[in-house]
Amino acid sequence: MAPDFELPPTMRALVIDETGAPSRLHLAERPLPRQISDEVLVKVVAAGLNPIDAKTRSGKGVAAAIESYPAILGNDFSGVVVRSAFEASPLQPGDAVYGLCRVPRTGGSFAEYVSVSSMSVTRKPARLSHAEAAAVPIAALTAWGMVKLAGAAPGQRMLVHAAAGGVGHFAVQFARALGAHVTATGSTRNLDFLRKLGADEVIDYTTTRFDDVVHDLDSVIDLIGNVHDNTGTRSLTVLRPGGLLVNAPTGSWPTMAADAAAAGRRATGFKVSPDARALDEISKLLDAGVVRVHVDAVFELADGAAAHRLIEEGHTRGKIVLRVS
Ligand SMILES: NC(=O)c1ccc[n+]([C@@H]2O[C@H](COP(=O)([O-])OP(=O)(O)OC[C@H]3O[C@@H](n4cnc5c(N)ncnc54)[C@H](OP(=O)(O)O)[C@@H]3O)[C@@H](O)[C@H]2O)c1
């Protein structure tokens with residue numbers, strides 16, 4: 001029989017009372033989220049940090065949609081089910097799970113409990129610790145969606161920008177697993193890391209302009225856009241006619257569609273969806289050891305501000321995680 005967890009009336013959470021600098025983050029006691037419809041109530045063990053969390057905290061990202069404060073940020077989590085959605089639901093109390101919230105439509109994962117739709121949560125890969133699993137959902141689902149949209153397959157030649165980061169390190173591994181030939185960009189200190197992920201070729205963006213050395217590619221996974229050195233616009237020039245650029249920091253390059261049309265190439269943004277079935281496919285690859293997650297640093301929840309400062313530097317290798325309980 002599934003264990004019956006006693007629930008406290010309040011939980012510890014990392015909150016903001018208004019948007020601003022990382023120092024705005026502070027611990028507070030908040031009511032537990034109320035479980036509705038198909039939602040699963042999860043006790044969070046670890047929460048993954050993503051650039052969107054820092055962007056939102058600073059007033060960008062999805063901050064405009066926050067309706068009330070204090071607000072709990074954080075999307076990725078790994079933890080244990082404490083209340084199932086219904087009696088015969090596949091996820092029962094005591095099950096180790098991982099998934100993603102949709103801040104601010106739901107409360108965030110920088111808290112001891114989250115209540116999330118059954119479509120946003122699934123069983124944790126057995127091989128991974130909670131800290132490792134919490135590092136997976138958004139980055140891996142984004143990489144999975146982008147690489148598939150870009151048509152990764154044997155014979156396809158793909159360029160992955162920011163390949164050492166959260167999304168990028170999964171994108172390199174997924175593209176390789178699907179048989180594509182992968183060229184990856186990163187700074188000098190990350191070149192060996194990129195080779196170990198399986199990149200066929202690496203480009204040090206601090207010494208080499210990628211558009212000087214690659215051309216006629218089938219696709220580009222663009223995780224930079226035009227925030228750095230016109231990376232997005234320059235990437236169009238390395239595609240073959242009909243090649244496709246898939247961009248994730250969608251707000252970073254407002255002229256993308258016009259630039260692509262002018263260059264005679266195709267380009268699209270990509271936005272990640274909560275997708276438990278896709279996460280199950282990713283879990284299989286992680287459990288089989290075909291794909292691995294790299295956790296760069298683990299912070300206590302109380303040190304969330306330091307974690308935000310670190311991710312804002314833009315040089316995370318793999319992922320940053322918060323230990324929640
Ligand atoms: N639309 C969506 O649904 C969606 C979902 C997820 C993420 N995103 C966005 O996608 C972007 C990437 O996300 P992420 O989680 O992967 O970020 P991240 O983990 O913070 O990326 C950090 C990585 O970027 C690399 N980098 C920085 N500048 C670079 C450059 N000019 N060329 C090549 N690499 C560079 C760094 O490598 P070095 O240290 O070697 O410089 C570092 O490894 C973010 O803007 C994020 O908000 C969008």
Side-chain angles (χ1 to χ4, degrees), residues 48-58 60-63 73-76 100-103 134-149 159-174 182-195 197 199 202-211 213-214 220-235 238 245-253 256 267-275 278 293-297 307-321:
L49 183 61
N50 288 282
I52 187 66
D53 304 321
K55 291 177 190 176
T56 300
R57 188 223 66 240
S58 76
K60 296 181 238 153
V62 297
L73 305 179
N75 288 281
D76 287 337
L100 61 160
C101 304
R102 292 198 81 199
V103 170
V136 172
I138 285 198
L141 282 171
T142 304
W144 185 256
M146 293 179 82
V147 159
K148 291 212 156 188
L149 189 58
L159 175 65
V160 179
H161 285 307
V167 178
H169 89 300
F170 284 119
V172 170
Q173 296 178 81
F174 292 149
V182 176
T183 302
T185 67
S187 65
T188 317
R189 73 176 189 105
N190 278 322
L191 301 184
D192 276 347
F193 176 69
L194 297 179
R195 287 189 193 99
L197 293 175
V202 296
I203 299 173
D204 183 344
Y205 72 85
T206 66
T207 60
T208 308
R209 288 178 77 76
F210 65 85
D211 37 342
V213 291
V214 284
V220 176
I221 302 298
D222 172 24
L223 300 168
I224 302 284
N226 272 0
V227 286
H228 178 86
D229 201 13
N230 280 336
T231 297
T233 308
R234 285 165 52 216
S235 292
V238 306
L245 178 144
V246 186
N247 163 276
T250 47
S252 69
W253 181 15
M256 181 184 75
T268 180
F270 177 83
K271 294 192 178 173
V272 67
S273 300
D275 185 343
V293 53
H294 180 86
V295 176
D296 206 15
H308 273 237
R309 283 187 200 100
L310 187 59
I311 204 164
E312 279 179 343
E313 288 174 12
H315 295 292
T316 310
R317 177 184 287 170
K319 297 290 300 178
I320 296 170
V321 172

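Just so you know, ligand 1 is whichever comes first in the structure, and atom 1 is the first atom listed for that ligand.
- The protein non-hydrogen atom at the shortest distance from atom 37 (O) of ligand 1 is N190 ND2, 3.8 Å.
- Residue R189 places a heavy atom less than 4.0 Å from ligand 1.
- Of the protein's heavy atoms, V272 N, 2.8 Å lies nearest to atom 3 (O) of ligand 1.
- Note on ligand 1: K271 sits in its first shell, one or more heavy atoms being nearer than 4.0 Å.
- Of the protein's heavy atoms, T142 OG1, 3.5 Å lies nearest to atom 6 (C) of ligand 1.
- Ligand-side atoms of ligand 1 in range of F270: 1 (N), 2 (C), 3 (O), range being under 4.0 angstrom from any heavy atom.
- Between the choices P249, G225, P51, S187, the shortest heavy-atom distance to atom 15 (O) of ligand 1 belongs to P51.
- Near L223, the atoms of ligand 1 lying under 4.0 angstrom from a non-hydrogen atom of the residue are 11 (C), 12 (C).
- Residues H161 and S235 bring a donor and an acceptor atom of their side chains to less than 3.5 Å of each other.
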- Task: Test side chain to side chain donor-acceptor pair (under 3.5 Å) on T206 and D204 and set out the steps.
- Result: CA-CA 5 Å; T206 66; D204 183 344; 2.5 Å; yes
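- Taking all atoms of both residues into account, the shortest heavy-atom contact from V62 to T56 is N-OG1, 3.1 Å.
- The protein atom (non-hydrogen) at minimum distance from atom 29 (C) of ligand 1 is I224 CD1, 3.3 Å.
- T316 and D296 share no side-chain donor-acceptor pair at under 3.5 Å.
- For atom 36 (C) of ligand 1, the candidate residues are G314, G165, A162, A248; the nearest heavy-atom contact is made by G314.
- Side-chain contact of D275 with S273: a donor-acceptor pair under 3.5 Å is absent, judged by distance alone.
- Among protein heavy atoms, the minimum distance from atom 16 (O) of ligand 1 is reached at V167 N, 2.9 Å.
- Checking side-chain atoms of D76 against main-chain N and O of I138 turns up a donor-acceptor pair under 3.5 Å.
- Proximity of T231 to ligand 1 is not established, as no heavy-atom distance is less than 4.0 Å.
- When only non-hydrogen protein atoms are considered, atom 41 (O) of ligand 1 lies nearest to Y205 OH, 2.4 Å.
- Residue-to-ligand polar distances place G166 within reach of ligand 1: an N/O pair is separated by less than 3.5 Å.
- H308 and R57 form a side-chain donor-acceptor contact under 3.5 Å, judged by distance and modelled atom types alone.
- Judged by distance alone, the side chains of N75 and R102 never bring a donor and an acceptor atom under 3.5 Å apart.
- Donor-acceptor pairing under 3.5 Å is lacking for the side chains of N50 and K55.
- Partner of S252 under the side chain to side chain contact (heavy atoms under 4.5 Å, CB included) criterion, chosen from N247, T231, N226: N247.
- For ligand 1, the atoms lying closer than 4.0 Å to a non-hydrogen atom of A164 are 43 (O).
- At least one heavy atom of K55 sits less than 4.0 Å from an atom of ligand 1.
- Shortest non-hydrogen contact noted between L194 and A164 is CD2-N, 3.6 Å.
- Here the heavy atom of the protein found nearest to atom 39 (O) of ligand 1 is H315 ND1, 3.0 Å.
- Regarding atom 31 (N) of ligand 1, its nearest protein heavy-atom neighbour is H228 CD2, 3.0 Å.
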